[in-house]
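Working notes for the structure below.
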There are 2 protein chains.
Amino acid sequence: MIDANTAHRWLTIIVALLIIMIYIGSMFDHCLYFNTTALARQLEGEWAKAFEPFDLTPPQAFLLRAILDQPGLMQYELANALTISRPTATRALDGLKAKGLIERRNSERDGREQAIFPTAPAIAMHTSLNEASVQVGKRLKKLLGADVFADTVTKIRGVRAALK
Amino acid sequence: MIDANTAHRWLTIIVALLIIMIYIGSMFDHCLYFNTTALARQLEGEWAKAFEPFDLTPPQAFLLRAILDQPGLMQYELANALTISRPTATRALDGLKAKGLIERRNSERDGREQAIFPTAPAIAMHTSLNEASVQVGKRLKKLLGADVFADTVTKIRGVRAALK
DNA sequence: CATATATGATTGCATAGCTAACGATTTTTA
DNA sequence: TAAAAATCGTTAGCTATGCAATCATATATG
């Protein structure tokens, strides 16, 4: 049997440890929004480095990659593919247009629509742009482990689908 | 033994199915960056609804919650806690100040620093703000399943830590 | 102790995202 | 067929974010 003094000392220590454990973690550690937005900013930085040689920001580069992959999509189709709003697509395309990387063509069947095509300089970037992207993916998979990487993406896609 | 014609027909069908499978998924389905930024935008919308009654955007509300949780932190400590840059913190705090929710006090020990405190109106919001946040968490856990929710957050935190 | 360096907050400038509203065009409906 | 509703792209106006540079204050160094 332990005496009352010993019991009290131990209790004090345990309570102190619990308090420390609570304070070590920060308030939003278990918040999906907080962690998702924070990760998004971190990844933005990683991809920005990869696309810097092309003078493209990550959103611009991903948009251009989609255009190179499927030339001739309408603007609203691109907006859907990238899950951005149409106004955001308009401005991102304005940016690529200003760099001479895309052109807009009036749709023949519907006067409201604009089909988007890559220009020759953009097509010339196609391979190296995809190669740079593959390299980032490889680097992250190596850093995190390929299984963790894939699991994380799957989990995130699951949440996205559930929220839709 | 099957004849050459049958074999050819089957091969054609299989190849066609593979091509369809590739096209059903979109180009960035397995991209961590793409899915993370997309999820961040979706969650932004969810939390925006929750904080609308308080006339706060999600970034403002999370900042205010941190201030209410630990009054008197320096600006750079808040920036670190929220993993945003100091300029972003300055501007977010300007916003809360304009709404009369926080005040800046000069640090006594270091003339460069500013300690941030909630005002009385902000303190009056403390409970209901936290309650609204808990409700969002509960709703998402119900929608996704508590285990999926927790797993997703854990995975994302793992990636964040690995990238740091 | 004087000067150089580092740090905290701010400001300037840029990008990316959203909603609301509008003009042009197409489709639906009465 | 005329009017109403829907759709596509754009514009206006807002927020959030970052980097680079600046100012003021502390700290380190010679």
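The sequence lines fix the lettering, A, B, ..., with proteins before strands; numbering per chain opens at 1.
- Within 4.0 Å of A:R41, counting heavy atoms only, lie sugar-phosphate atoms of the nucleic acid but no base atom.
- In this model, the phosphate group of C:dA9 is not approached by any side-chain N or O of B:T90 to a distance below 4.0 Å at OP1 or OP2.
- Using a 4.0 Å heavy-atom criterion, one finds that B:R104 contacts the sugar-phosphate atoms exclusively.
- The B:P59 side chain lies nearest to D:dA16 when the options are D:dC19, C:dT10, D:dA16.
- For A:R86 and C:dG17, a side-chain-to-base donor-acceptor distance below 3.5 Å is absent, hydrogens and geometry of angles not being considered.
- Rounded to whole angstrom, the span from the CG atom of B:L56 across to the P atom of D:dT15 amounts to 13 Å.
- One can place CG of A:D55 at 10 Å from P of C:dT15, the figure rounded to the nearest angstrom.
- The backbone N or O of B:N80 sits nowhere less than 3.5 Å from a side-chain atom of B:T83 that would complete a donor-acceptor pair.
- B:V159 has its side chain out of reach of A:L140: every pair of non-hydrogen atoms, C-beta onward, lies at least 4.5 Å apart.
- A:V136 is not listed as a side-chain neighbour of A:S133, based on a closest heavy-atom distance of 4.5 Å or more.
- Along DNA chain D, the nucleotide nearest A:Q114 and the nucleotide nearest B:E108 are compared for position; the residue whose nucleotide lies closer to the 5' end is A:Q114.
- Rounded to a whole Å, the CD atom of A:Q75 is 15 Å from the C1' atom of C:dT25.
- Remark: the A:Q135 side chain and the A:E131 side chain contain an N/O donor-acceptor pair separated by less than 3.5 Å.
- Distances from the side chain of B:T88 to the nucleotides D:dT17, D:dG9, C:dA9 place D:dT17 closest.
- Remark: C1' of D:dT15 and CG of B:L63 are 14 Å apart, rounded to the nearest angstrom.
- Contacts of B:P87 with the nucleic acid, taken as non-hydrogen atoms under 4.0 Å apart, include base atoms.
- Straight-line distance from the OH atom of B:Y76 to the C1' atom of C:dA6: 13 Å, rounded to whole Å.
- Nucleic acid contact class of B:Q60 (heavy atoms, under 4.0 Å, all strands): sugar-phosphate only.
- Toward the 5' end of DNA chain C, the nearer of the two residues B:L93 and A:R109, judged by each one's closest nucleotide, is B:L93.
- Atom CG of B:N106 and atom P of C:dT10 are 10 Å apart (whole Å).
- Side-chain N/O atoms of B:S85 include one lying less than 4.0 angstrom from OP1 or OP2 on D:dG18.
- Atom CG in B:D94 sits about 12 Å away from atom P in C:dG12, given to the nearest Å.
- If you measure from atom CG of B:L43 to atom P of D:dA16, you get 17 Å, rounded to the nearest angstrom.
- Side-chain contact between A:I84 and A:L78 is absent, with no heavy-atom pair separated by less than 4.5 Å.
- Between the side chain of A:R112 and the base of C:dG23, no donor-acceptor pair under 3.5 Å is found.
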